[in-house]
**Q** 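Supplied in structure tokens, the structure appears directly below.
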Amino acid sequence: MTEDLLESRSPQDPDDLVGEYATTPPAAVVGLVESARTAQRTWWSWGAARRSAALAAASVDLGARSDDAVALVVREVGKPVAEARGEVARAVAILSYYAQEAFGAIGTQLPPSLTGLLYVERRPHGVAGLITPWNFPLAIPLWKAAPALVAGNGVVLKPSPDAVACATFLLEVVGPHLPDGLLALAIGEAAVGRAVVDTADVVSFTGSAGVGRGVAVASAGRGVPVQCEMGGQNAAIVLEDADATTTAAMVASAAMGFAGQKCTATRRVIVVGEHPEFVEALGESVRALAPADPGDPSTSVGPLVNERAYLAMCAATELAEASAATILAGGGAPDRGGWFVDPTLVDGLDPDHPLCTEETFGPLAVVQHAADLASAVRMANAVRFGLVTSVHGQDLDAVLRAVAGLDTGLIKVNAPTTGVDFYAPFGGEKDSSYGPREQGAAGPAFYSSTRTVTVALHRPG
Ligand code: NAD
């Protein structure tokens with residue numbers, strides 16, 4: 001990588017150069033924001049029907065280019081092709097969903113205290129600065145950009161350096177449907193992200209907790225609205241009456257699918273009481289998920305995204321071994337090119353061990369043991385994150401008691417921690433999220449400010 005060129009390489013074959021991209025000088029970000037602000041006035045003047053038609057046409061174009069999009073996601077971030085197909089289908093649906101949201105109510109009317117009108121209306125902030133990670137390289141930029149656009153804003157997107165090809169592809173497909181400059185890319189690393197945070201009228205960030213905290217502080221310091229979606233250390237609570245085989249397969253896939261590189265991946269499996277068949281089945285299910293070519297439709301675990309992620313995962317495995325934990329599965333790396341590691345399952349760590357409390361963004365999960373449901377819920381809550389928890393079991397009373405006690409923003413019952421419905425509000429508690437929720441109807445609400453209008457009606461005589 002030279003000073004002003006950014007290389008994106010394929011994680012399964014680091015010799016494969018996906019693309020080289022000129023970076024945006026941080027000082028040039030203000031120009032992108034100004035151009036988006038000018039284009040925003042045109043966009044707003046188009047009215048709801050034309051804005052809706054633009055997003056609907058972008059959805060159709062993305063659908064028509066699905067095969068290219070899938071191939072690019074597989075190549076650039078190593079996402080297994082079956083999951084990449086799901087992501088592209090979701091990206092198409094996000095655009096068509098928000099195209100319809102263009103016709104949603106933008107305010108409410110209240111009874112005036114005297115005569116006349118009293119109403120509340122939503123208006124765009126101006127230009128949204130979006131900072132995104134690499135792991136959902138189409139869906140995350142779109143689940144921020146589409147509601148920002150439909151609410152009438154311009155957008156400057158700062159994609160992850162590991163997903164610039166996907167972001168460039170998105171701009172190519174969606175951009176022609178919008179006024180020139182309304183949707184722009186700011187390409188680069190942290191300094192470019194900081195420049196976006198320093199100039200946009202509203203900021204939405206998804207990424208790690210440390211970076212997100214800084215983004216929240218900087219945005220609040222400028223007095224602009226901000227939302228940050230960050231990491232997780234998500235638990236699956238397995239009750240004694242959970243079916244061993246089906247639950248093990250579901251939990252293993254939620255922990256290790258896409259090499260554990262999802263904010264919603266299961267990191268901790270909390271087993272309530274004695275359930276040796278489940279622990280054994282879980283080990284077997286994890287061992288069955290051998291890493292393989294992400295381009296093969298039968299693969300569910302591909303490579304880690306880059307060398308840094310690979311080294312972090314190796315360090316985590318060494319830490320587990322040094323802590324005298326039992327490695328139930330994995331612990332090594334296959335002998336093949338690319339940033340592949342074996343999905344690893346660890347038992348016997350203290351609950352306050354860093355591998356239990358901090359996110360390792362890779363295919364590593366720990367098994368923890370709780371004497372009863374109350375201790376399992378306490379254990380699940382005893383981390384600084386609060387994104388998602390799954391609860392597995394048949395006893396409705398126990399399941400509902402667990403749901404009532406958990407302090408995560410999402411709870412799944414007899415379902416994997418992974419998987420998100422783009423039309424429902426999404427977000428976590430504690431260090432997992434900051435600010436209002438995103439997705440669904442929460443999206444356009446975040447990207448607008450409301451004003452209250454009072455119109456007095458003076459009757460003659
Ligand atoms: P990251 O925090 O390293 O980077 C995220 C984005 O922030 C990138 O575009 C990066 O270039 C930019 N950035 C880095 N430093 C910055 C700074 N100082 N100011 C402004 N921008 C800056 O995260 P990542 O490695 O790309 O993604 C993995 C993380 O994202 C994991 O922690 C994962 O849990 C989290 N994640 C969360 C969600 C969610 O919705 N909660 C979804 C996906 C990923």
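In this text, all values refer to a predicted model and were calculated from it rather than measured experimentally. Atoms within a ligand are numbered from 1 in the order they appear, just like the ligands themselves.
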**Q** Should the pair K158 and F205 be classed as cation-pi, given the thresholds of under 6.0 Å to the six-membered ring centre and 45° from the axis?
**A**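 Judged by the rule, K158 and F205 form no cation-pi pair.
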
**Q** Using a 4.0 Å cutoff against the non-hydrogen atoms of V211, which atoms of ligand 1 qualify?
**A**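 Numbered from 1, ligand 1 contributes 2 (O), 13 (N), 14 (C), 15 (N), 16 (C), 17 (C), 22 (C).
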
**Q** For ligand 1, is there an N or O atom under 3.5 Å from any N or O atom of S208?
**A**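 Checking ligand 1 against S208, an N or O pair does fall under 3.5 Å apart.
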
**Q** Ligand 1 and E189, any nitrogen or oxygen pair closer than 3.5 angstrom?
**A**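 Looking only at distances, the answer is no, because the N/O contact criterion of under 3.5 Å is not met.
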
**Q** So which heavy atom in the protein is nearest atom 5 (C) of ligand 1, and how far is it from that ligand atom?
**A**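 Answer for atom 5 (C) of ligand 1: T206 O, 3.7 Å.
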
**Q** Could you label the plane-to-plane angle of the F136 and F258 rings as parallel, tilted or perpendicular, counting under 30° as parallel and over 60° as perpendicular?
**A**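 Ring orientation of F136 relative to F258: perpendicular.
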
**Q** What are the atoms of ligand 1, with element, lying closer than 4.0 Å to any heavy atom of I131?
**A**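 By the 4.0 Å cutoff, the relevant atoms are 6 (C), 7 (O), 9 (O), 12 (C), 21 (N).
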
**Q** Any idea which atoms of ligand 1 are less than 4.0 Å away from a heavy-atom of I140?
**A**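 Counting atoms of ligand 1 from 1, those under 4.0 Å from I140 are 42 (C), 43 (C).
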
**Q** Is it the case that the side chains of W339 and E307 hold a donor-acceptor pair, with the cut-off being a distance below 3.5 Å and no angle test?
**A**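 Absent: no donor and acceptor within the cut-off.
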
**Q** Could you point out which residue of V420, D421, I94 forms a side-chain contact (heavy atoms from CB on, under 4.5 Å) with Q439?
**A**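 Output: one option passes, namely V420.
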
**Q** Does any N/O atom on K158 come nearer than 3.5 Å to any N/O atom on ligand 1?
**A**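 Yes - when backbone and side-chain N and O of K158 are compared with those of ligand 1, one distance drops under 3.5 Å.
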
**Q** Please report which non-hydrogen protein atom sits nearest to atom 40 (O) of ligand 1, along with the residue it belongs to and the distance in Å to one decimal place.
**A**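 Result for atom 40 (O) of ligand 1: F426 CE2, 3.1 Å.
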
**Q** Within a distance under 4.0 Å of any heavy atom of T132, pick out the atoms of ligand 1 and give their elements.
**A**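 Selected atoms, number and element: 6 (C), 8 (C), 9 (O).
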
**Q** Below 4.0 angstrom from a heavy atom of M230, which ligand 1 atoms are there? Numbered from 1 as shown, please.
**A**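 Those qualifying, in numeric order: 34 (O), 37 (C), 38 (C), 39 (C), 41 (N).
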
**Q** For atom 4 (O) of ligand 1, what is the nearest protein heavy atom, given as residue, atom name and distance?
**A**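 Here the nearest protein heavy atom works out to G207 CA, 4.6 Å.
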
**Q** State the atoms of ligand 1, each with its element, that fall below the 4.0 Å cut-off from a heavy-atom position in R194.
**A**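 Heavy-atom distances to R194 below 4.0 Å select 18 (N), 19 (N), 20 (C).
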
**Q** Considering residues at least two apart in sequence or located in another chain, which fulfil the side-chain contact (heavy atoms from CB on, under 4.5 Å) criterion with A320?
**A**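 If we apply the side-chain contact (heavy atoms from CB on, under 4.5 Å) test to A320, skipping adjacent residues, the hits are I327, V346, L355.
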
**Q** Just to check, does G214 reach to within less than 4.0 Å of ligand 1 when the distance is taken from its heavy atoms?
**A**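 So G214 does not count as touching ligand 1.
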
**Q** What orientation do F422 and Y97 show, parallel under 30°, tilted 30 to 60°, or perpendicular over 60°?
**A**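 Judged by the thresholds at 30° and 60°, the geometry between F422 and Y97 is perpendicular.
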
**Q** Of all the non-hydrogen atoms in the protein, which one sits nearest to atom 27 (O) of ligand 1, and at what distance?
**A**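 For atom 27 (O) of ligand 1, the nearest protein heavy atom comes out as P133 CB, 3.3 Å.
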
**Q** Any luck finding a side-chain donor-acceptor pair between T408 and K430 under 3.5 Å?
**A**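 No.
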
**Q** Regarding atom 31 (C) of ligand 1: of the candidates E229, E359, Q233, which has the closest heavy atom?
**A**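 It is E359 whose heavy atom sits nearest to atom 31 (C) of ligand 1.
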
**Q** Quick check: E438 and ligand 1, any N/O pair under 3.5 Å apart?
**A**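 So ligand 1 has no N or O lying under 3.5 Å from an N or O of E438.
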
**Q** Going by the atom numbers of ligand 1, which of them fall below 4.0 Å from some non-hydrogen atom of P159?
**A**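 Near P159, the atoms of ligand 1 are 9 (O).
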
**Q** Please identify each residue that fulfils salt bridge (charged side-chain N to carboxylate O under 4.0 Å, His left out) with E34, with sequence neighbours left out.
**A**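 Per chain and number, E34 pairs via salt bridge (charged side-chain N to carboxylate O under 4.0 Å, His left out) with R37.
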
**Q** Tell me which one of W143, F361, F136 gets a heavy atom nearest to atom 33 (C) of ligand 1.
**A**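 Looking at heavy atoms only, the winner is F361.
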
**Q** Atoms of ligand 1 less than 4.0 Å from P161 heavy atoms?
**A**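 Answer, ordered by atom number: 11 (O).
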
**Q** Among V73, L72, V174, whose side-chain contact (heavy atoms from CB on, under 4.5 Å) with F169 holds?
**A**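 The side-chain contact (heavy atoms from CB on, under 4.5 Å) with F169 is passed solely by L72 among V73, L72, V174.
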
**Q** Check the side chains of T417 and K412 for a donor-acceptor pair under 3.5 angstrom, ignoring hydrogens and angles.
**A**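 K412 vs T417: no donor-acceptor pair found between side chains.
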
**Q** Quick check on F205 - does any of its heavy atoms sit under 4.0 Å from an atom of ligand 1?
**A**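 Judged by the 4.0 Å heavy-atom criterion, F205 does count as contacting ligand 1.
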
**Q** In terms of residue, atom name and distance, what is the protein heavy atom nearest to atom 21 (N) of ligand 1?
**A**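 Among all protein heavy atoms, the one nearest atom 21 (N) of ligand 1 is G193 CA, 3.6 Å.
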
**Q** Of R384, R267, Q233, H353, which meets side chain to side chain donor-acceptor pair (under 3.5 Å) against E358?
**A**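 Answer after filtering R384, R267, Q233, H353: R384.
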
**Q** Is a donor from one side chain sitting under 3.5 angstrom from an acceptor on the other, for S448 and H125?
**A**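 Per modelled atom types, S448 and H125 side chains form no pair under 3.5 Å.
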
**Q** Only one of E83, R75, E76 passes side-chain contact (heavy atoms from CB on, under 4.5 Å) with K79; say which it is.
**A**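 Exactly one option meets the side-chain contact (heavy atoms from CB on, under 4.5 Å) with K79, and it is E83.
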
**Q** Whether the T418 and T264 side chains hold a donor-acceptor pair (N or O, under 3.5 Å, no angle test) is what I'd like checked.
**A**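 No, no side-chain donor-acceptor contact under 3.5 Å.
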
**Q** Who's the nearest protein heavy-atom neighbour of atom 39 (C) of ligand 1, and how far?
**A**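 Here the nearest protein heavy atom works out to C263 SG, 3.2 Å.
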
**Q** Note the single closest protein heavy atom to atom 25 (O) of ligand 1, along with its residue, its atom name and the distance in Å.
**A**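 Atom 25 (O) of ligand 1 sits closest to the protein heavy atom W134 NE1, 3.5 Å.
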
